[in-house]
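Inspection log for the structure reproduced underneath, given as structure tokens.
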Amino acid sequence: MLEVNKIREDREKIITALAKRNLHLSDTLDRIVELDDRRKQIQAESDVLLNESNTIAKQIGELFKQGKRDEADALKARPAELKDAISAFKEEMNTVEDSIRDLLYTIPNTPHDSVPLGKNPEDNEVVLEEGKIPVLYDKAVPHWDLADTYKLIDFELGVKITGAGFPVYTGKGAKLQRALIAFFLDEAEKAGYEEVIPPHVVNEASGYGTGQLPDKEGQMYHMPIDDLYLIPTAEVPVTNLFRDVILSVDQLPLRRSAYTPCFRREAGSYGKDVRGLNRLHQFDKVEIVVIDHPERSYATLQNMVAHVQGLLQKLELPYRILRLCGGDMGFTSALTYDMEVYSAAQKRWLEVSSISNFETFQANRLKLRFKGDDKKNQLAHTLNGSALALPRILAALLENNQTPEGIRIPAALVPYTGFNLIS
RNA sequence: GGAGAGAUGGCAGAGUGGUCGAUUGCGGUAGUCUUGAAAACUACUGAUCUUCACGGGUCCGGGGGUUCGAAUCCCUCUCUCUCCGCCA
């Protein structure tokens, strides 16, 4: 959520920045400032009345103590008069504040200066491409065939017990999942991230805190009986650990990692995008979250990207880094790097990580602040990234490492799997 | 699922209609003392809106009501805890 004061101060900058998302919101911004002006006016006027009313009430109290009942009764008339005016102000205040908030909820974060112009994924900027695209042997097949051949994943069994997009991992397939999770968590720990195991279900307030609500209402699984949501990413519970928190400046940066399953309804997806492991309703992911000082947050973002790069290098996967264009960025992000791996049998790039700086956008909703050196509270910056999401990593590992003898496991994973070949 | 209790400042915990934004303790910050530290003592120490400032307003889980006046009374919602039941 943007800050109203920033909208006042940096109106032109914000309009320009939002134009990168192909949004033209100057009218909305002006409306917000207009409403906020009214809010201030109401408060100033009602403060005067409240002050008068409070003062008289105190006098009445004094007079009662002194036993001067008649004088006290005589004073009661004025506050009674003020009451209606005060409650009218209060009512208008509520509607004005609601309107401001509702408008703010519709505005996405302002893209960082470095965000490229563009409308769709083709306009994303390739920052780096690294690793050798493997040349597969003649009979190479996509991962869903490999999963079947080697009995690693049973998609149909998942359909039976739940539905499409809920695979059952079996045998070495299951072991490989566990190995990847442990590997990612260990690497995160080495990089200074403290592991947490959060709830996999969150309440409505948490959904609002990180911005999934109200924007992506239909993307989360909702359980109306208890009004709880299955998490679409560990970002939600882990970032919300710090909701309504005032940190001291020396606690920053705060680094956390978490493995969780992630649940997404993926309404509207179809075709080759959902084949095999490409897009699931339930998948596993290790997420890294950082709360940091505004002055440092972009350096931190680069560190997070470097960390994920390291993971991909250790897994020996060809990857590329994209800087998302304004049209392809998430609602809450100011700058996002996507990491994609090349899946050699499908002959396509698959997104395996998305690393973003949200600046104060989430912190403003979360009321996540720190007490600066000047003793004033200011909003912290929040960042997060996948490190990493499993299914597409698995897809690329299977496809890229297939040989006539079987599927080779990268050396970095062998200590975790206990085997170096799936045959 | 049944019954009961409760929600107050970073934490603990008073306060049951009138200088209560809130006693006190702990914690935190600064100072005195000390070679230094600890202890002790002293002072300060919530958030938020508004204002150039002085100041003023709001906040005792959320919302509403009673009253001249509500942390205190009433209604309602949410959450937490305890006991019983069930159970990994």
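So that the names make sense, note that chain A is the first sequence line, chain B the second, and so on, each numbered from 1.
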Problem set entry | For A:V249, all residues meeting side chain to side chain contact (heavy atoms under 4.5 Å, CB included), sequence neighbours excluded | A:H293, A:F370, A:D373
For this session: For RNA chain B, determine which residues of residues 220-231 of chain A have any heavy atom closer than 4.0 angstrom to one of its atoms, and list them numerically.
Result: none
For this session: If a pair satisfies side chain to side chain donor-acceptor pair (under 3.5 Å) and one of its residues is in residues 259-268 of chain A, list it, with sequence neighbours excluded.
Result: A:Y259-A:D284
For this session: Report the residues that fulfil side chain to side chain contact (heavy atoms under 4.5 Å, CB included) with A:D227, sequence neighbours left out, ordered by chain and then residue number.
Result: A:E204, A:H222, A:Y229
Problem set entry | Nucleic acid contacts - residues 28-44 of chain A versus RNA chain B, non-hydrogen atoms under 4.0 Å | A:R39, A:K40, A:Q43
Seminar exercise, completed: Any strand, both distances under 3.5 Å, Watson-Crick or G-U wobble: B:rA53 pairs with none
Exercise. On a whole-Å scale, what distance lies between the C1' atoms belonging to B:rG69 and B:rG18?
Worked result: 7 Å
For this session: Looking at every strand, decide which applies to A:I56 at a 4.0 Å heavy-atom threshold: base, sugar-phosphate, or nothing.
Result: nothing
Scan the side chains in residues 69-77 of chain A for donor-acceptor partners under 3.5 Å anywhere in the protein, sequence neighbours excluded, and list what turns up.
| from | atom 1 | to | atom 2 | distance (Å) |
| --- | --- | --- | --- | --- |
| A:D73 | OD1 | A:K76 | NZ | 3.3 |

Problem set entry | Partners meeting side-chain hydrogen bond (donor to acceptor under 3.5 Å, both in side chains) with A:S297 (sequence neighbours left out) | A:N357, A:H381
Problem set entry | B:rC54 to B:rC59 separation - P atoms, rounded to the nearest Å | 22 Å
Exercise. How would you label the contact of A:K376 with the nucleic acid (heavy atoms, under 4.0 Å): base, sugar-phosphate, or nothing?
Worked result: nothing
Exercise. Taking atom C1' in both B:rC49 and B:rC87, what distance in whole Å separates the two?
Worked result: 50 Å
For this session: Write down the distance separating the C1' atoms in B:rG61 and B:rC81, rounded off to the nearest Å.
Result: 15 Å
For this session: Sticking with atom P, work out how far B:rG56 lies from B:rG21, rounded to a whole angstrom.
Result: 12 Å
For this session: Report the residues that fulfil side chain to side chain contact (heavy atoms under 4.5 Å, CB included) with A:D37, sequence neighbours left out, ordered by chain and then residue number.
Result: A:R8, A:V33
Problem set entry | Those residues that, when tested against A:F184, pass ring pair (Phe, Tyr, Trp, His ring centres under 6.0 Å) (two or more places apart) | none
For this session: Identify whether any heavy atom of A:N94 sits under 4.0 Å from a base atom; if not, whether one sits that close to sugar-phosphate; answer base, sugar-phosphate or nothing.
Result: sugar-phosphate
Seminar exercise, completed: Whichever of A:N54 and A:R369 has the more 5' nearest nucleotide on RNA chain B, that residue is A:R369
Exercise. Base, sugar-phosphate, or nothing for A:N377, non-hydrogen atoms under 4.0 angstrom?
Worked result: sugar-phosphate
Exercise. Is the CD atom of A:E9 crowded by more than 12 outside heavy atoms at less than 6.0 Å?
Worked result: yes
Exercise. Are A:D292 and A:R296 ion-paired here, with the side-chain N under 4.0 Å from a carboxylate O?
Worked result: yes
Seminar exercise, completed: Partner of B:rA88 under the Watson-Crick or G-U wobble criteria, both distances under 3.5 Å, comes out as none
Exercise. Is there a donor-acceptor pair closer than 3.5 Å between any side-chain N or O of A:N120 and the backbone N or O of A:D328?
Worked result: no
Seminar exercise, completed: For A:Y105, the ring pair (Phe, Tyr, Trp, His ring centres under 6.0 Å) test, sequence neighbours excluded, returns A:Y208
Exercise. Expressed as a whole number of Å, how far does the P atom of B:rG57 sit from that of B:rA3?
Worked result: 45 Å
Problem set entry | ring pair (Phe, Tyr, Trp, His ring centres under 6.0 Å) involving A:F183 - partner list, sequence neighbours excluded | A:Y416
Exercise. What do you reckon, is CG of A:L157 surrounded by more than 12 foreign heavy atoms closer than 6.0 Å?
Worked result: yes
For this session: Check every nucleotide of RNA chain B for an atom under 4.0 Å from a heavy-atom of chain A, then give the first and the last such nucleotide from 5' to 3'.
Result: B:rG18 to B:rG69
Problem set entry | Separation of the P atoms in B:rA47 and B:rU29, to the nearest angstrom | 16 Å
For this session: Can you tell me the pairing partner of B:rC81 across any strand shown, Watson-Crick or G-U wobble, with both distances under 3.5 angstrom?
Result: B:rG4
Problem set entry | Partner nucleotide, any strand, of B:rC60 [Watson-Crick/G-U, under 3.5 Å] | none
Seminar exercise, completed: B:rC11 -> Watson-Crick or G-U wobble partner, both distances under 3.5 Å, gives B:rG25
For this session: Could you measure between the two C1' atoms, the one in B:rA70 and the one in B:rU16, and give it in whole Å?
Result: 11 Å
For this session: Using Watson-Crick or G-U wobble geometry with both distances below 3.5 Å, tell me the partner of B:rU34, or none.
Result: none
